Amino acid sequence: MSGSVFDAIVIGAGQAGPPLAGRLTGAGMKVALVERALFGGTCVNTGCTPTKTLVASAQAAHLARRARDYGVVIDGAVTVDLARVKARADAVVATERDGLEDWLRNMQGCTVLRGQAAFESRTDVRVGDDLLSAPRVFINVGGRASVPRMPGVGEVPHLDNSSILALDHLPEHLVVVGGSYIGLEFAQVFRRFGAAVTVVEMQPHLIAREDPDVSTAIEEILRGEGIEVRTGAKCVGLGPHERGVAVSVECAEGPPEVVGSHLLLAVGRRPNTDDLGLERAGVATDARGFITVDDALATNVPGIWALGDCNGRGAFTHTAYNDFEIVSANLLDGASRRVSERIPGYALYIDPPLGRVGMTEAQARAGGRPLLVGSRPMTRVGRAVEKGETQGFMKVVADAGTRQILGAAILGVGGDEAIHGVLDMMHARATLDAYRWAVPIHPTVSELIPTVLGEMKPPAPGA
Ligand SMILES: Cc1cc2nc3c(=O)[nH]c(=O)nc-3n(C[C@H](O)[C@H](O)[C@H](O)COP(=O)(O)OP(=O)(O)OC[C@H]3O[C@@H](n4cnc5c(N)ncnc54)[C@H](O)[C@@H]3O)c2cc1C
């Protein structure tokens, strides 16, 4: 098929590329979609899907160990068969990946190519021996785990979010460098599977972007399960050790070396833009390699757009999918949707999960406007008490003048679902008062959100 002309080329079958191919072909366009590795990209293969499947296995183990709390008797020890856990995760992933690949291969008007795509010019993309041309190119190449440049990194085996999923035996002691979203999910999962786990984080708090009260509560949850948390500990070097690997840390407290059998580096992600020939198309990137886009996700080169993690405007599956919605609505429906209209929301899938939307309290305070803040511990949420899962709290921050919600955090059982009540209100630009006459379902975590909104007060100065 060397030298083919299309209406559009989509590079990457992650979270934005496939639905975009669906809409473009639906509009009668001839589309080439190129994928170099696994259909579904990070989310399906090495991100959301396998990790949330592991989180479910870990939660089952945790609940089984707590069975006595519920009056349930398990005779004998609770153990985890990692090979079976892995087989379950692999099966869930394979079903999603294969379903997506089948859909794309059967899509009328879509030519699927396997291989590494790279620009030859503004309109030409090479995939092996094939040269594809199109007036529109959509880049959806995602990212990968970044490997920090530090002494010894090349001398020790280390895991990332992909290779850790291939483990079929339990590490004796997993050291996680990086106490943020990805690192913490794996830390709790492997602790619940039975490994000793240490988290090394250079910031004074875990997930430093969150408010300190949220980070502290998460730290307590993880410590309560026996995870050693070393905050304020900067990893400065790695080296082999007779028990596996030694992580040297600069810290004010605790030993300057952390030794474990296995090392997970979870210190951030970098975009897959370094081998895409962007310079031959003239597409600009920022200093970290993220493709520079405008508010409608167009690059600096007319006819080329960048969607998903590679544009640095989001780092989630739902933001990548929203990029697809924005680009397709603007191109095909005459809309003028913008990324800046998106209200940021996400979850951290430790157990219990953290659901988040909008600003943190610290961000809201930095804005300088008068605020209202309301919070409630999960010990005062009936559903959480009934479920025997009372860790965490919920907190909402609003603008005292407009009475619109600025942000919220729900750390606790069901927090990843309950946060959507707040997210939807923010999307609808409703005021706090709009919640007042809603009749929430009892017993739920969500039913306490209107109560929190009704009890909001100005925050204590400087708190
Ligand atoms: C451990 C982990 C857990 C996560 N959990 C969640 C979660 O619970 N919820 C959530 O919302 N997000 C989660 N994420 C983030 C989420 O996975 C990403 O935000 C999402 O996958 C981004 O989608 P994307 O389409 O931008 O890129 P990707 O899904 O990475 O897809 C990019 C695709 O492009 C292909 N590609 C790259 N370069 C080329 C090339 N030159 N030629 C051809 N093909 C190419 C890649 O092979 C890949 O298939 C998680 C991420 C990780 C690492």
Side-chain angles (χ1 to χ4, degrees), residues 9-21 32-56 89 93 96-97 100-101 104 112-119 125-128 130 132 137-146 159-165 176 178 180-187 189 264-278 281 289-291 293 297 306-324 327 344-350 353-356 416:
I9 299 168
V10 177
I11 305 176
Q15 296 305 304
L20 184 63
L33 182 139
V34 192
E35 171 53 54
R36 70 176 177 190
L38 299 171
F39 288 85
T42 308
C43 178
V44 170
N45 298 287
T46 59
C48 332
T49 305
T51 55
K52 269 77 257 184
T53 311
L54 296 184
V55 165
V93 167
E96 275 193 40
R97 181 176 55 228
L100 180 68
E101 183 169 355
L104 287 168
V112 175
L113 293 102
R114 296 302 302 268
Q116 164 80 27
F119 283 92
V125 172
R126 178 164 294 285
V127 185
D130 294 320
L132 322 176
V137 183
F138 302 93
I139 307 170
N140 176 220
V141 291
R144 61 187 186 276
S146 47
L159 300 162
D160 62 19
N161 66 288
S162 301
S163 52
I164 198 168
L165 296 169
V176 179
S180 200
Y181 307 88
I182 291 173
L184 295 188
E185 289 183 10
F186 280 118
V189 159
L264 169 66
L265 292 178
V267 291
R269 314 262 311 155
R270 57 179 290 194
N272 292 326
T273 52
D274 40 354
D275 52 5
L276 201 51
L278 288 176
F290 290 101
I291 298 173
V293 288
L297 302 168
L307 300 84
D309 284 11
C310 68
N311 65 26
R313 300 291 294 267
F316 300 99
T317 284
H318 45 280
T319 49
Y321 189 82
N322 185 234
D323 285 359
F324 142 68
V327 168
Y346 52 87
L348 163 68
Y349 292 93
I350 58 160
L354 168 69
R356 277 274 297 112
D416 52 336

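Note that ligands are numbered from 1 as they come in the structure, with each ligand's atoms numbered from 1 the same way. Everything quoted here is computed from the prediction, not taken from an experiment.
Contact detail for A117 and V34: the closest heavy-atom pair is CB-CG1, 3.8 Å.
The option with the heavy atom closest to atom 48 (C) of ligand 1, from among E35, R144, Q15, is E35. Nearest to atom 15 (C) of ligand 1 by heavy atom, out of P353, G47, A315, G40, is A315.
Both the backbone and the side chain of D309 come within contact range of ligand 1, each with a heavy atom under 4.0 Å. Counting heavy atoms closer than 4.0 Å to ligand 1, residue Y346 contributes nothing at all. Contacts of A145 with ligand 1, taken as heavy-atom pairs under 4.0 Å, are absent altogether. Neither the backbone nor the side chain of E185 has a heavy atom within less than 4.0 Å of ligand 1. Contact annotation for N161 and ligand 1: only side-chain heavy atoms (C-beta onward) come within less than 4.0 Å of the ligand.
Summarising the geometry, atom CG belonging to L276 is positioned 5.0 Å from atom CD1 belonging to I11; distances are rounded to the nearest 0.5 Å.
The residues R36 and D275 are annotated as salt-bridged, a charged nitrogen and a carboxylate oxygen being separated by less than 4.0 angstrom.
Counting protein heavy atoms only, atom 24 (P) of ligand 1 is closest to N140 ND2, 3.5 Å. Ranking protein heavy atoms by distance to atom 45 (C) of ligand 1, first place goes to R36 CG, 3.6 Å. Protein heavy atom in closest approach to atom 31 (O) of ligand 1: G14 CA, 3.2 Å. Protein heavy atom in closest approach to atom 37 (C) of ligand 1: V141 O, 3.2 Å. Closest to atom 29 (O) of ligand 1 among all protein heavy atoms lies T42 N, 2.9 Å. The protein atom (non-hydrogen) at minimum distance from atom 20 (C) of ligand 1 is T317 OG1, 3.7 Å. Remark: minimum distance from atom 42 (N) of ligand 1 to any protein heavy atom is reached at A117 N, 3.0 Å. For atom 9 (N) of ligand 1, the nearest non-hydrogen atom of the protein is C48 SG, 3.8 Å.
Residues L104 and F39 form a side-chain contact, since some pair of their non-hydrogen atoms from C-beta on lies under 4.5 Å apart. Between T273 and F290 there is no side-chain heavy-atom pair separated by less than 4.5 Å. The closest side-chain heavy-atom distance from T42 to R144 is not below 4.5 Å. The side-chain heavy atoms of T46 and L165, taken from C-beta on, include a pair separated by under 4.5 Å. Between D323 and V293, the closest side-chain pair of non-hydrogen atoms is not below 4.5 Å. Counting heavy atoms from C-beta outward, N322 and F316 have side chains that stay 4.5 Å or more apart.
Residues S163 and D160 have side chains that bring a donor and an acceptor to within less than 3.5 angstrom of each other.
Of all atoms in ligand 1, listed by their number and element, those nearer than 4.0 Å to a heavy atom of L38 are 49 (O). Counting the atoms of ligand 1 from 1 in the order shown, those under 4.0 Å from a heavy atom of G142 are 26 (O), 27 (O), 28 (P), 30 (O), 32 (C). Every atom of ligand 1 is numbered from 1 in the order shown, and the set under 4.0 Å from a heavy atom of C43 is 17 (O), 21 (O), 29 (O). Per-residue contacts place A37 under 4.0 angstrom from the following atoms of ligand 1 (heavy atoms of the residue considered): 47 (O). For ligand 1, the atoms closer than 4.0 angstrom to any heavy atom of T51 are 1 (C), 3 (C). Ligand 1 places these atoms under 4.0 Å from at least one heavy atom of K52: 5 (N), 6 (C), 7 (C), 8 (O). Here is the list of ligand 1 atoms found below 4.0 Å of a heavy atom in I11: 40 (C), 42 (N), 43 (C). Those atoms of ligand 1 with a heavy atom of G115 less than 4.0 angstrom away are 42 (N), 43 (C).
Under the side-chain hydrogen bond (donor to acceptor under 3.5 Å, both in side chains) criterion, S180 pairs with no residue at all, not counting sequence neighbours. P344 pairs by the side-chain contact (heavy atoms from CB on, under 4.5 Å) definition with nothing, not counting sequence neighbours.
Heavy atoms of T46 approach ligand 1 to within less than 4.0 angstrom.
Taking the six-membered ring for Trp and thresholds of 30 and 60 degrees, Y346 and Y181 have ring planes more than 60 degrees apart, a perpendicular arrangement.
At a 3.5 angstrom cut-off on N or O pairs, Q116 counts as close to ligand 1. Taking distance alone, with nitrogen or oxygen atoms compared against 3.5 Å, F316 approaches ligand 1 more closely than that limit.
Under the 3.5 Å distance criterion, the side-chain polar atoms of Q15 are left unmatched by any main-chain donor or acceptor of T317. Proximity of a side-chain donor or acceptor of T49 to a complementary backbone N or O of N45 within less than 3.5 Å is not detected.
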